[in-house]
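Some notes on the structure that comes next.
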Number of protein chains: 2
Amino acid sequence: MKILITSGGTTEKIDSVRGITNHATGSLGKYIAEIFLENGHEVTLVTTKGAVKPQKQPHLTTYIVSNVDSLVETLEPLVKTHDVFIHSMAVSDYTPVYMTDLDEVENAEHISDLLTQQNTESKISSKADYQVLFLKKTPKVISLVKTWNPDIMLIGFKLLVNVSKDELFAVARASLKKNKAHYIVANDLNEINGTQHHAYLLSESDVTEAETKAELAKLIFERVTNHD
Amino acid sequence: MKILITSGGTTEKIDSVRGITNHATGSLGKYIAEIFLENGHEVTLVTTKGAVKPQKQPHLTTYIVSNVDSLVETLEPLVKTHDVFIHSMAVSDYTPVYMTDLDEVENAEHISDLLTQQNTESKISSKADYQVLFLKKTPKVISLVKTWNPDIMLIGFKLLVNVSKDELFAVARASLKKNKAHYIVANDLNEINGTQHHAYLLSESDVTEAETKAELAKLIFERVTNHD
C-alpha cells in the first residue's frame, strides 16, 4: 500500500527572523513510517526541518514543508495518489496577520481595522515595551483530505492538554465524524513524555489503547493493514 | 582562555504546544567554538535544542536553554567565570503575556488592562477566527553582561534585515557603546545564506569584514586572541 504520513510541527512566520512554532519532535511519525517500511509498504513522509526522520531507504520519499500554506500545496497531489493518510503533524492553527505596538491598538477606531494591515518592515522593530500580534485561523488540513480523495483511509490526531477522558473522547468522536476519518488518535500532552505516550485509537465502533510511541505505531499499523 | 559562546535561537512559550521562535541554525556559534577548541582554549557553549553543535570533546562544556529566562539564569554565573563572551544567539525580544479573541479586545475598556491578564488554559482554544497575542519585551541579555563581570571581553551581534551599510554601522556602534562591548558583529539577513555570511566586525577603532561563516569565526578568533 502507499502510505502518506505527516510529522513534525509547522512554523508560521511573524517576520524574517521570528515565527510561531508548534512543538513536535517528529518521533511518533518516524516510528509509524518505520513499521510500514519494515513491512514492505511504500511510505511518503511530509515533515518539517527540525523533525527526526527515518534513515534514507528505497521505499521512503520525504518532503520538507515549513508552514500551513506549503503543507496544503504539498499534500493535495499526494493525498490523491495514496491509499492511507496518517496525519500526525502538529499544524499551526493560527498565522500572523499584523504586529504593532500598543499605541496603534489603543488609538484604532475599530480593532478589526488592524486585521487588514500588513507589516512593511522585514524585521519588526523591538523598541516598544509591548507588542500586539493579530493572528487569523489557518485552513484545517484534515477537513480537506476527503474532498481531495474520498477513498483515502484517514487517520487523524487530536491532542488536548490536561482534560478528562470523557472530554478527550467527545472531541475525538466529533473529529471522526466531521472529517470522515477511519480512526482518530486521541491523546493528552500530560501523558506524553519521551517514548512514553498514552493514546487511544478510536473508530466509530471500537477503542484501543497504547502506552508508548512504539506501541501506538504498531496499533496504527495493525488497524490500517487489517482494515478490509 | 575561558571562552563563553551562545548559539541557536530561543523560544518563548505561548502555551504548552505553541511558542515564538527566533530562527537560527547555531552553525556560526559552532564554527566559533571549534576554532577556539582547536587552538587549545576552554569553551562553554550555551545553546538551544534545535541548534547544530560541535562534537563532544574534553575542553567543551555545553548547556541547553529554551527561553530568555533560562538563558539569563544559566549565563549569570558563567559570565562571572569566563574571560570572553561571544553572544551569537538569536534571543527572543518579546515574550507572550496573554492571548485572547478579538471580542475581548474590542470590548476592553482600556487595552492595557489586558496586559495584566493571564491564560488559564494549558492549550489556548482554537475556535475563534482571530486571536490577539499581547507580548512584552524581554530583558536585553547583552546589557547585563558587564554588570555581571566588568572585566569580561564582550563580543555582541547585531542582525538587521535589508538596511544600508550606514544604518547597520550606526546601530552597531550604538550597541558597542551602550553595552561596553569590545566588538560588535554587524550583519544583514539578506547577506546570509548557508555558509555564505557577509559581516563586519566593528570596534571603537577599526572595522574588518568577512564573507563566510568560517572567515567570520577566524576573524573573531584572531581579534580575541591578539587583544592586549
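If you're wondering where the values come from, they're calculated on a predicted model, not measured in any experiment.
- With a threshold of 4.5 angstrom between heavy atoms, B:Y94 approaches chain A through side-chain atoms but not through N, CA, C or O.
- When heavy atoms are compared at a cutoff of 4.5 Å, B:N162 approaches chain A solely by way of its side chain, counted from C-beta outward.
- In this structure, CD on A:E12 lies 9.0 Å from CG on A:N22, to the nearest 0.5 angstrom.
- Contacts of B:A108 with chain A are absent, with no heavy-atom separation under 4.5 Å from either backbone or side chain.
- When each of A:V163, A:L102, A:L115 is scored by its heavy-atom pairs under 4.5 Å with chain B, the top score falls to A:L115.
- Here the straight-line distance linking atom NE2 of B:H198 with atom NZ of B:K165 works out to 7.5 Å at 0.5 Å rounding.
- For B:D129, the parts lying near chain A are the backbone and the side chain together; criterion is any non-hydrogen pair under 4.5 Å.
- In this structure, B:K213 NZ and B:K30 NZ are separated by 12.0 Å, a value rounded to the nearest 0.5 Å.
- Using modelled atom types, one finds a donor on one side chain and an acceptor on the other under 3.5 Å when comparing B:S7 with B:T47.
- A salt bridge links B:D93 with A:R18; the closest basic N to acidic carboxylate O contact falls under 4.0 Å.
- The choice from A:N190, A:T138, A:I14, A:V17 that makes the most heavy-atom pairs within less than 4.5 Å of chain B is A:V17.
- A:S92 and A:T10 form a side-chain donor-acceptor contact under 3.5 Å, judged by distance and modelled atom types alone.
- Of the two parts of B:L189, only the side chain, counted from C-beta on, holds a non-hydrogen atom closer than 4.5 Å to a non-hydrogen atom of chain A.
- The candidate with the highest count of non-hydrogen atom pairs below 4.5 Å against chain A, out of B:V97, B:L160, B:T11, B:V132, is B:V132.
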